[in-house]
Colleague: 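Quick one: the structure is below, questions incoming.
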Amino acid sequence: MKRHKRENYYVVGEGILTTDGKTGICERPSTEASLRKFRFSRLGPKGEAVDPGLLEKVATAMTAAPTGTPPVQPVADPPVPAGFTYLGQFVDHDLTLDNTATALGDRVTVSELLQGRSPALDLDSLYGRGPEDADDDRFYAPDKLKLRVGITAAIDGAGTNVNLNGYDLPRVTQGSTKAERQRALIPDARNDENLVVAQTHLAFIRFHNAVVDRLADQGVPGQILFRRARGLVVRHYQWMLRTDFLPRLVDPAIVEDVFTTGRKFFEIPHSGNDSGPYQHSKAGDTPTMPIEFSVAAYRLGHSMVRAAYDWNRIFAGRAGTLALLFTFSGTSGNFDPFGPDPSDPETGLFERLPTNWAVDWRRMYDFAEAGRADLAPPAGINNAQRIDTLLVNPLATLPKGSFGGVGTNPPPIQLNLAFRNLVRANMVNLASGQQFAKFLGLEPLTREQILGGDRGAVLDALTDGEKDAFAERTPLWFYVLREAELNGGRMTGVGGRIVAEVFHRAMEGSRVSIVREPGWRPSLGPDEQTFRMVDLLLLAFEGRKELLAPLGDEAPTPA
């Protein structure tokens with residue numbers, strides 16, 4: 001999932017594209033304003049706006065409640081463990097972090113403004129500007145080597161009346177309001193907008209701290225220990241994205257082509273004989289973020305979200321609902337589902353995560369991939385929904401805290417995530433799927449494929465004229481989801497190419513880069529070719545069942 005708050009985009013060469021809720025408006029910013037905006041680019045041609053009334057009908061179809069008991073939506077073939085949904089959200093925040101947003105203006109140079117707003121897969125959402133920065137040292141332990149962790153709040157119950165250290169994000173704990181005190185002490189507050197992405201961020205904190213311990217045991221001296229650990233963590237993170245995350249969500253043939261032969265469309269390195277409409281870059285150029293990726297292709301994760309999760313021993317089966325996962329977070333919720341407004345942070349009993357909501361990672365990832373059959377959960381693994389044109393029905397009514405809407409009363413359709421995505425594309429004049437297929441030299445989907453799909457959104461509510469218009473100029477986000485739907489749940493064609501090339505460029509543009517170091521191989525996995533998300537979690541939690549699943553499978557026997 002992505003955070004839904006951004007309402008304007010600084011597109012290089014076009015200015016600031018903002019919205020009045022109906023149309024895109026271009027503002028020509030000053031030089032300083034342009035530097036202080038995250039830098040987007042346009043990869044393909046501009047498109048034309050689609051009638052908002054038509055988009056409302058499509059959004060309603062995309063978030064329609066499925067039929068059956070219990071309601072079921074398709075899963076990918078092969079299935080994708082549900083943890084990858086929120087790993088994808090964590091990655092999005094790494095790509096789009098404004099790394100200078102919390103810095104004092106006088107201390108930020110032009111160079112830092114540019115670098116701080118460039119999409120790079122370098123974990124700046126985890127590290128901020130580092131432990132020596134006067135603003136960001138608060139994210140670190142006193143030794144300035146490790147990152148802070150938080151502690152859960154004991155709550156009455158079998159095995160939960162205990163504070164668990166290292167199972168909540170670190171929190172501010174001080175301030176005149178509850179919202180201030182419960183705020184996560186991390187560089188990117190978006191990583192506390194739902195409980196799963198918050199626990200994912202926490203896993204990366206623990207992974208970094210485990211790498212620090214390992215290097216210290218190997219005798220790496222303190223003055224270079226942090227820098228060495230960060231480089232090792234970032235390289236393994238990139239390797240995991242390249243070999244484990246991307247091939248699950250994107251056609252592996254496209255991923256292999258991009259990472260083996262290079263990019264063909266997005267910021268291609270200058271060859272001296274450049275031609276055609278494609279973007280080119282020079283060595284050392286700061287990467288940009290294509291709006292086609294941010295506004296359309298990488299919103300693939302929205303369709304992977306489940307309505308409920310088998311979360312842990314306490315919230316088993318379908319008890320870990322999506323609404324509760326928003327409630328038990330510091331940005332979107334208040335840690336209390338029983339108050340008058342769970343999205344109002346000033347209500348609620350707790351200011352940090354209650355112990356009974358500590359994650360059971362065995363239910364979110366398949367540790368049998370690492371040969372750990374002993375880590376199989378009692379009821380099996382949560383699998384993500386298939387990437388397709390359906391979103392689970394709870395996403396038709398987003399909590400207001402997830403997009404900065406606390407205290408407002410927007411029309412109901414504006415709470416619909418699909419509608420917000422489709423209207424945002426209007427705002428930036430995004431190309432249609434058909435336009436982009438032509439731009440990439442691909443055969444576009446047929447009218448029958450667009451309107452029919454494969455067990456995805458049913459568009460019967462559209463009039464014949466609306467069907468004609470939609471099949472001729474399909475919004476890019478819907479188009480790439482329909483492509484995936486017709487490909488068993490993996491991004492392909494237009495969507496697959498955009499995602500793979502942007503990931504490649506974001507790794508290339510990182511300060512530490514496996515793309516620029518093609519001979520690098522992982523050292524923290526089972527062999528020199530393998531490092532997966534399950535390997536990261538095993539290292540972060542010492543490979544121990546009682547740490548990966550702190551509440552266990554059965555309530556402890558009373559003393």
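Reckoned from all heavy atoms, side chains included, excluding hydrogens, waters and symmetry mates. Bear in mind that the values here come from a model prediction, so they are computed numbers and not experimental data.
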Colleague: Is it true that N191 and H93 share a donor-acceptor pair across their side chains at a distance under 3.5 Å?
Modeller: yes
Colleague: What is the distance from atom CG of L202 to atom CG of L126, rounded to the nearest 0.5 Å?
Modeller: 10.5 Å
Colleague: Please confirm whether the backbone N or O of R235 pairs with a side-chain atom of W520, one donor and one acceptor, at under 3.5 Å?
Modeller: no
Colleague: Is there side-chain contact between Q199 and V196, with heavy atoms separated by less than 4.5 Å?
Modeller: no
Colleague: Just so I know, are the side chains of V499 and L246 near enough to count as touching, which here means a heavy-atom distance under 4.5 Å?
Modeller: yes
Colleague: Would you say D535 and F207 make side-chain contact, with heavy atoms under 4.5 Å?
Modeller: no
Colleague: Should S329 and V197 count as side-chain neighbours, where that means a heavy-atom distance under 4.5 Å?
Modeller: no
Colleague: Who passes side-chain contact (heavy atoms from CB on, under 4.5 Å) against A59, sequence neighbours left out?
Modeller: N416, A418, F419, L422
Colleague: Would the Y365 and F84 ring centres measure less than 6.0 Å apart?
Modeller: yes
Colleague: May I ask you to test the P187-Y127 pair for a side-chain heavy-atom distance under 4.5 Å?
Modeller: no
Colleague: Which residues pass the side-chain contact (heavy atoms from CB on, under 4.5 Å) test with D213, sequence neighbours left out?
Modeller: K146
Colleague: Verify side chain to side chain contact (heavy atoms under 4.5 Å, CB included) between L241 and M507, making sure each step is shown before the conclusion.
Modeller: CA-CA 10 Å; L241 295 179; M507 290 185 195; 3.9 Å; yes
Colleague: Using a 6.0 Å distance limit plus a 45 degree cone around the ring axis, check whether R206 lies over the aromatic ring of Y167.
Modeller: yes
Colleague: How close do D310 and G380 get, counting heavy atoms only, and between which atoms?
Modeller: OD2-O, 4.2 Å
Colleague: Would a distance-only check, ignoring hydrogens and angles, find a side-chain to backbone donor-acceptor pair under 3.5 Å from H236 to F531?
Modeller: no
Colleague: Can you confirm whether R362 sits close enough to P378 that some side-chain heavy atom of one is under 4.5 Å from a side-chain heavy atom of the other?
Modeller: yes
Colleague: Closer than 4.0 angstrom, basic N to acidic O: yes or no for R129 and D135?
Modeller: yes
Colleague: Strictly below 4.0 Å, N to O, side chains only: are E193 and R190 in salt-bridge contact?
Modeller: no
Colleague: Show the numbers, then the answer: is there a side chain to side chain contact (heavy atoms under 4.5 Å, CB included) between H208 and L123?
Modeller: CA-CA 11 Å; H208 165 83; L123 286 177; over 6 Å; no
Colleague: Sequence neighbours excluded, which residues qualify as side-chain hydrogen bond (donor to acceptor under 3.5 Å, both in side chains) partners of T397?
Modeller: none
Colleague: Rounded at 0.5 Å granularity, tell me how far CZ in F541 sits from CG in L375.
Modeller: 12.0 Å
Colleague: Do the side chain of N382 and the main chain of R363 share a donor and acceptor less than 3.5 angstrom apart?
Modeller: yes
Colleague: Test your reading of the model: is there a side-chain donor-acceptor pair from R299 to the backbone of V295, 3.5 Å cut-off?
Modeller: yes
Colleague: Would a line drawn from the ring center of Y86 to the ring center of H201 be shorter than 6.0 Å?
Modeller: no
Colleague: What pairs of residues pass the salt bridge (Lys or Arg N to Asp or Glu O under 4.0 Å) test when at least one of them lies in residues 167-178, not counting sequence neighbours?
Modeller: D168-R171, R171-D192
Colleague: Check for a donor-acceptor pair, side chain of T327 on one end and backbone N or O of P337 on the other, with a separation under 3.5 Å.
Modeller: no
Colleague: Tell me every residue that passes side-chain contact (heavy atoms from CB on, under 4.5 Å) with T243, counting only those two or more places apart in sequence or in another chain.
Modeller: W239
Colleague: Looking only at the aromatic ring of each residue, does the gap between the centers of Y237 and F204 stay below 6.0 angstrom?
Modeller: yes
Colleague: Please determine whether the number of non-hydrogen atoms from other residues, nucleotides or ligands lying under 6.0 Å from atom CZ of R181 exceeds 12.
Modeller: yes
Colleague: Apply salt bridge (Lys or Arg N to Asp or Glu O under 4.0 Å) to D553 and K545, showing your working.
Modeller: CA-CA 10 Å; D553 294 325; K545 176 180 177 179; 3.6 Å; yes
Colleague: Okay, side chain of R372, backbone of G543: is any donor-acceptor separation there less than 3.5 Å?
Modeller: yes
Colleague: Quick check: closest heavy atoms across G159 and R313, and the distance to 0.1 Å?
Modeller: CA-NH2, 4.2 Å
Colleague: Yes or no on side chain to side chain contact (heavy atoms under 4.5 Å, CB included) for F139 and L185, after CA distance, side-chain angles and deciding distance?
Modeller: CA-CA 6 Å; F139 306 135; L185 200 57; 4.3 Å; yes
Colleague: Taking side-chain contact (heavy atoms from CB on, under 4.5 Å) as the criterion, tell me which of L537, D244, L538 meets it with R532.
Modeller: D244
Colleague: For S176, give me all partners under side-chain contact (heavy atoms from CB on, under 4.5 Å), at least two apart in sequence or on another chain.
Modeller: E180
Colleague: For atom CD of Q174, is the number of surrounding heavy atoms from other residues, nucleotides or ligands below 6.0 Å larger than 12?
Modeller: no
Colleague: Drop me the distance from L195's CG to F328's CZ, to the nearest 0.5 angstrom.
Modeller: 8.5 Å
Colleague: Closest heavy-atom contact between L395 and L398?
Modeller: CD2-CD2, 4.0 Å
Colleague: Closer than 3.5 angstrom, by distance alone: can the side chain of D188 be matched with the main-chain N or O of S125 as a donor-acceptor pair?
Modeller: no
Colleague: Can you list the steps and then say if W357 with L324 is a side chain to side chain contact (heavy atoms under 4.5 Å, CB included)?
Modeller: CA-CA 10 Å; W357 278 97; L324 288 174; 3.8 Å; yes
Colleague: Ignoring hydrogens and geometry, is there a side-chain-to-backbone donor-acceptor pair from D137 to E132 under 3.5 Å?
Modeller: no
Colleague: Do P170 and I205 have side-chain heavy atoms sitting under 4.5 Å apart?
Modeller: yes
Colleague: Which heavy-atom pair separates R306 from N383 by the least distance, and what is that distance?
Modeller: NH1-O, 2.9 Å
Colleague: Find the distance between OG1 (T347) and CG (D336) and round it off to the nearest 0.5 Å.
Modeller: 6.5 Å
Colleague: Short question: side chain of N161, backbone of A154 - any donor-acceptor pair under 3.5 Å?
Modeller: no
Colleague: Please say which of T160, N356, T355 ends up in a side chain to side chain donor-acceptor pair (under 3.5 Å) with T152.
Modeller: T355
Colleague: Out of curiosity, F326 CZ to N334 CG, how far, rounded to the nearest 0.5 Å?
Modeller: 14.0 Å
Colleague: Between R516 and S510 (side chain of the first, backbone of the second, donor and acceptor by atom type, cut-off under 3.5 Å), is there such a pair?
Modeller: yes
Colleague: Near Q223 CD, under 6.0 Å, is it more than 12 heavy atoms from other residues, nucleotides or ligands?
Modeller: yes
Colleague: Using a 4.5 Å cut-off on heavy atoms from C-beta on, say whether the side chain of L539 contacts that of V211.
Modeller: yes
Colleague: Write down the atom of N312, the atom of A358, and the distance for their closest heavy-atom approach.
Modeller: ND2-O, 2.9 Å
Colleague: Minimum heavy-atom separation for V502 and P290, please, with both atom names.
Modeller: CG2-CG, 3.7 Å
Colleague: Can you measure from OH (Y298) to CE (M289) and round to the nearest 0.5 angstrom?
Modeller: 9.5 Å
